[in-house]
Chemist: 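Can you keep this structure in mind? I'll have questions shortly.
Chain letters run A, B, ... following the sequence lines, proteins first and then strands; every chain starts at 1.
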2 protein chains.
Amino acid sequence: MKDGPDIARIASLVGDPARANMLTALMTGAALTASELALEGGVTLPTASSHLAKLIEGGLLTVAAQGRHRYYGLAGPQVASMLEAIMGVAAGVGPKRARPGPREPAMREARVCYDHLAGEHAVKMMDTFLARDILVRDGQEIRLGPNSHSYFTAVGIDVEKLGPSRRPVCRDCLDWSVRRSHLAGQLGAAILDKILTEKWARREKDSRVITFSPKGRQAFERAFLEV
Amino acid sequence: MKDGPDIARIASLVGDPARANMLTALMTGAALTASELALEGGVTLPTASSHLAKLIEGGLLTVAAQGRHRYYGLAGPQVASMLEAIMGVAAGVGPKRARPGPREPAMREARVCYDHLAGEHAVKMMDTFLARDILVRDGQEIRLGPNSHSYFTAVGIDVEKLGPSRRPVCRDCLDWSVRRSHLAGQLGAAILDKILTEKWARREKDSRVITFSPKGRQAFERAFLEV
DNA sequence: TTCATGGTTCGATCTCCATCAAAGCATTGC
DNA sequence: GCAATGCTTTGATGGAGATCGAACCATGAA
């Protein structure tokens, strides 16, 4: 016994519900403040602070102080990969789908992932963007592609306006339900924003579920999937 | 909050030292009895029994009764992948290599990962396959590449024979020691099988370590690294 | 049948840690 | 300077669960 690395130490960090929820929230790649994470974890600020300290001590999180805010983010892609692997097992062999959750199918179709769209629609959209050179993969990163400017102005999103900010314009985010990448970052947020302001879809109360109206779905598909 | 799969449930199962040690022991791919696992976990039989019941309930383990023995094994390759991913994080950010462990260097070089080869050799092999278009990366997935058929028949592995099964032929698995991908899936298992049946290497008893003989190493390199 | 072995269940104990209220720092803005 | 905001620390409380001895059940052997 006691051979490889100390996996119990890491796993037990993820094994607390509050911490797990915080980590899940950070899977977007965006860094969040302690207050936001407290909300995600469903605990008070002091409790969240204690959890965050442990996660940093354990090497799962990094923190960047900025004025009186402190932004917490995943320590790296490896941590995200691990979380994705755990989600895979949890979703697959999990509690026998004891309660599939009333909103489970709707969640798989479309949901909010912090501030951008996730689920089947989001993954399809990402595929389209990559196929049309609107976005291009550059190693680990996603960048605006040659066709991005003309396309996004046509759709009515001003890409120039997004910066400047430390938050990347594009970023990919691993979708737990579809198990492939979807678009996060400022651009992902802008697209979700457009979907909501155009009233193509609305957010279900107290949930991450996004519900499209019939007309809204058509408009969405025309704008983002058929290009 | 409380959106995706219940990762806290799974992670907390792995998060107990006794259970973590048991799971690590099962990474050899062999099924073990409750008594053996109690020893691995460093706990008494009743305690181990309780842990094992939880791991089964959680879907991480399966059990096969055989006479008055009960053999416990990992529930599947997905569980093994998850454990490797956790090991990756633990090895990277871990507690400063408390005790590197006597077999640590050998483990890094070559070891069993459930049913396929892991460690430096395995990562190099994966690199070779990708460089030679024997395998190709397709987004998140790994597929057989244009040169796969001719190559594997030359080496003496019948790729056609692997299917049909729900288990993917190729799959990548994050190597905790090298921190890069190696090959899992049916093909990965077939390759390990060949290495062992050809007696290029043998498994150390009660360990994940794989030891190559001098001749075996040459044969392995000729077959899988030099192509 | 009777004994031995492998495993589980029960019950009691005890330690660890998640939790929150209140107080303490630190940074920004006025 | 002073107040307000964001976050951490302290301290006290409570509960979950890991642990083991002893009793119990099942299978196989004599």
Chemist: Nearest 0.5 Å please: distance from the CD1 atom of B:Ile195 over to the CZ atom of B:Phe212.
Modeler: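 That separation rounds to 4.5 Å.
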
Chemist: Between A:Leu61 (CG) and D:dT8 (P), how many Å, whole number?
Modeler: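 Going from A:Leu61 (CG) to D:dT8 (P), I get 11 Å.
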
Chemist: For A:Thr44 and C:dC20, is the shortest distance between a side-chain N/O and OP1 or OP2 below 4.0 Å?
Modeler: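 For C:dC20, OP1 or OP2 has a side-chain N or O of A:Thr44 closer than 4.0 Å.
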
Chemist: Looking only at side-chain N and O atoms, does A:Lys54 come under 4.0 Å of OP1 or OP2 in C:dA18?
Modeler: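 Checking C:dA18 against A:Lys54, a side-chain N or O does come within under 4.0 Å of OP1 or OP2.
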
Chemist: Could you list all N or O pairs between the protein and nucleotides 8-15 of chain C that sit under 3.5 Å apart?
Modeler:
from  : atom 1 : to      : atom 2 : distance (Å)
C:dT8 : OP1    : B:Arg70 : NH1    : 3.3
C:dT8 : OP1    : B:Tyr72 : OH     : 2.6
C:dT8 : OP2    : B:Ser49 : OG     : 2.7
C:dT8 : O5'    : B:Ser49 : OG     : 3.1

Chemist: CG of A:Leu37 versus C1' of D:dT8: gap in Å, rounded?
Modeler: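 A:Leu37 atom CG is separated from D:dT8 atom C1' by 15 Å.
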
Chemist: Tell me: CD of A:Glu36 to P of D:dT5, nearest whole Å?
Modeler: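 Rounded to the whole Å, the gap is 17 Å.
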
Chemist: Can you tell me the distance, in whole Å, between the CG atom of B:Leu32 and the P atom of C:dG7?
Modeler: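 Between P of C:dG7 and CG of B:Leu32: 11 Å.
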
Chemist: Would a line drawn from the ring center of B:His182 to the ring center of B:His121 be shorter than 6.0 Å?
Modeler: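 No - the distance between ring centres of B:His182 and B:His121 does not fall below the 6.0 Å cut-off.
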
Chemist: Write down the distance between CE (A:Met22) and P (D:dC7), rounded to a whole number of angstrom.
Modeler: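 From A:Met22 CE to D:dC7 P: 12 Å.
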
Chemist: Can you tell whether the side chains of B:Arg111 and B:Glu120 come within less than 4.0 Å, N to carboxylate O?
Modeler: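 Between B:Glu120 and B:Arg111 there is no salt bridge, as every charged N stays at least 4.0 Å from the carboxylate O atoms.
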
Chemist: Nearest 0.5 Å, what's the CD1-CG distance between B:Ile10 and B:Leu60?
Modeler: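 Going from the CD1 atom of B:Ile10 to the CG atom of B:Leu60 covers 5.0 Å.
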
Chemist: From CZ of A:Arg9 over to C1' of C:dC17, roughly how many Å is that when rounded to an integer?
Modeler: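 The distance from CZ of A:Arg9 to C1' of C:dC17 comes to 15 Å, rounded to the nearest Å.
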
Chemist: Give a yes or no on whether a salt bridge exists between A:Arg217 and A:Glu109, defined as a side-chain N under 4.0 angstrom from a carboxylate O.
Modeler: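 So A:Arg217 pairs with A:Glu109 through a salt bridge.
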
Chemist: Can you measure B:Tyr71 atom OH to C:dG6 atom C1' for me and round it to whole angstrom units?
Modeler: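 The answer, rounded to whole Å, is 11 Å.
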
Chemist: Rounding to a whole Å, what distance do you find between B:Asp16:CG and D:dA16:P?
Modeler: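 For the pair B:Asp16 CG and D:dA16 P, the rounded distance is 17 Å.
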
Chemist: Apply the side-chain contact (heavy atoms from CB on, under 4.5 Å) test between B:Leu55 and each candidate in B:Leu37, B:Val14, B:Leu61; give the one that qualifies.
Modeler: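 Among the candidates, only B:Leu61 passes.
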
Chemist: Look at the side-chain N and O atoms of A:His51 and state whether any lies under 4.0 Å from the OP1 or OP2 oxygen of C:dC17.
Modeler: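 Checking C:dC17 against A:His51, no side-chain N or O comes under 4.0 Å of OP1 or OP2.
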
Chemist: Working to the nearest 0.5 Å, report the span between OG1 of A:Thr33 and CZ of A:Arg70.
Modeler: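 That separation rounds to 11.5 Å.
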
